Amino acid sequence: MEATPLPSLLDEFHRHRLGMEIDDAQFAQAEVAFFDDVVKGVIARRDEIDELLASKLTEGWSLARLDKTMLQILRAGTYELMARADVPTGAAISEYLDVAHAFFDAREAKFANGVLDSVAKVVR
């Protein structure tokens, strides 16, 4: 989102976020290799992911109109659905819906569910 260089971004999350307590919120531990794969994969396949996402938006909507956080949630979810066949479809969508609920109300989370479900029907 901020165009932070990839090595700096991963280092920040590895050392200062994953599993840490920040502002009285406990961040969950993460499978670092999986986290890194999703981050690197989204960056490497961003054009392909964005093209697929754009095709799933309602007419009149574009990726540029989406909230930046929502766009990143959809990009990560799409990458996981495209590239991580080891993760069941329902589990992948459910995890990204949990993330959407952490940032947005039910209406926006429902939007994320619809987009990721449409993506899954194409890539799975």
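When reading the values below, keep in mind they use all heavy atoms of this one structure, side chains included, and skip hydrogens, waters and symmetry mates. Each residue takes its place number in the sequence, starting with 1. Note that the structure is predicted; figures quoted are calculated from it, not measured.
Within the structure, no pair that satisfies the salt bridge (Lys or Arg N to Asp or Glu O under 4.0 Å) test touches residues 92-103, not counting sequence neighbours. Every pair passing salt bridge (Lys or Arg N to Asp or Glu O under 4.0 Å) that includes a residue from residues 112-123 is listed here, sequence neighbours excluded: Asp117-Lys121.
When the side chains of ILVMFWY residues are joined at heavy-atom separations under 4.5 Å, either directly or via intervening members, Ile93 and Leu66 end up in a single hydrophobic cluster. Hydrophobic clustering keeps Val99 apart from Leu9 (ILVMFWY residues linked when any side-chain heavy atoms are closer than 4.5 Å, directly or through intermediates). Under a hydrophobic-cluster definition in which Ile, Leu, Val, Met, Phe, Trp and Tyr are linked whenever side-chain heavy atoms come within less than 4.5 Å, directly or via other members, Leu6 and Ile49 are assigned to different clusters. In the hydrophobic clustering of ILVMFWY residues, with side-chain heavy atoms under 4.5 Å counting as a link, Phe104 and Trp61 come out together. There is no path of hydrophobic side-chain contacts, each under 4.5 Å, that joins Phe34 to Val39.
Annotation for Ala76 and Val38: closest pair CB-CG1, 3.9 Å, computed over non-hydrogen atoms. The two residues Pro88 and Asp86 have their closest heavy-atom pair at CD-O, 3.7 Å. Gly60 and Arg65 get closest at one heavy-atom pair: O-NH1, 3.1 Å. Across Ser62 and Leu57, no two heavy atoms sit closer than the pair C-CD1, 3.6 Å. Nearest heavy atom pair, residue Arg45 against residue Ala83, reads NH1-CB, 3.6 Å. Considering every non-hydrogen atom in both Ala120 and Thr89, the closest pair reads CB-CG2, 3.7 Å.
Of the inter-residue distances, the one linking Lys68 atom NZ with Ile73 atom CD1 reads 14.5 Å to the nearest 0.5 angstrom. Residue Lys40 holds its NZ atom at 11.0 Å from CZ of Phe35, rounded to the nearest 0.5 Å.
For the side chain to side chain contact (heavy atoms under 4.5 Å, CB included) with Thr78, the qualifying choice from Val115, Leu116, Val42, Asp50 is Leu116, the only one to do so.
Residues Phe111 and Leu74 form a side-chain contact, since some pair of their non-hydrogen atoms from C-beta on lies under 4.5 Å apart. Contact of the Phe103 side chain with the Asp67 side chain is not registered, since no non-hydrogen atoms from C-beta on lie closer than 4.5 Å.
In this view, Val123 and Leu52, Leu81, Met82, Val119 satisfy the side-chain contact (heavy atoms from CB on, under 4.5 Å) rule, not counting sequence neighbours. Under the side chain to side chain donor-acceptor pair (under 3.5 Å) criterion, Arg46 pairs with no residue, sequence neighbours left out. Taking Glu51 as the reference, nothing meets the salt bridge (charged side-chain N to carboxylate O under 4.0 Å, His left out) condition, with sequence neighbours excluded. Among residues two or more places apart in sequence or in another chain, the side chain to side chain donor-acceptor pair (under 3.5 Å) test is passed with Asp37 by Tyr79, Arg84.
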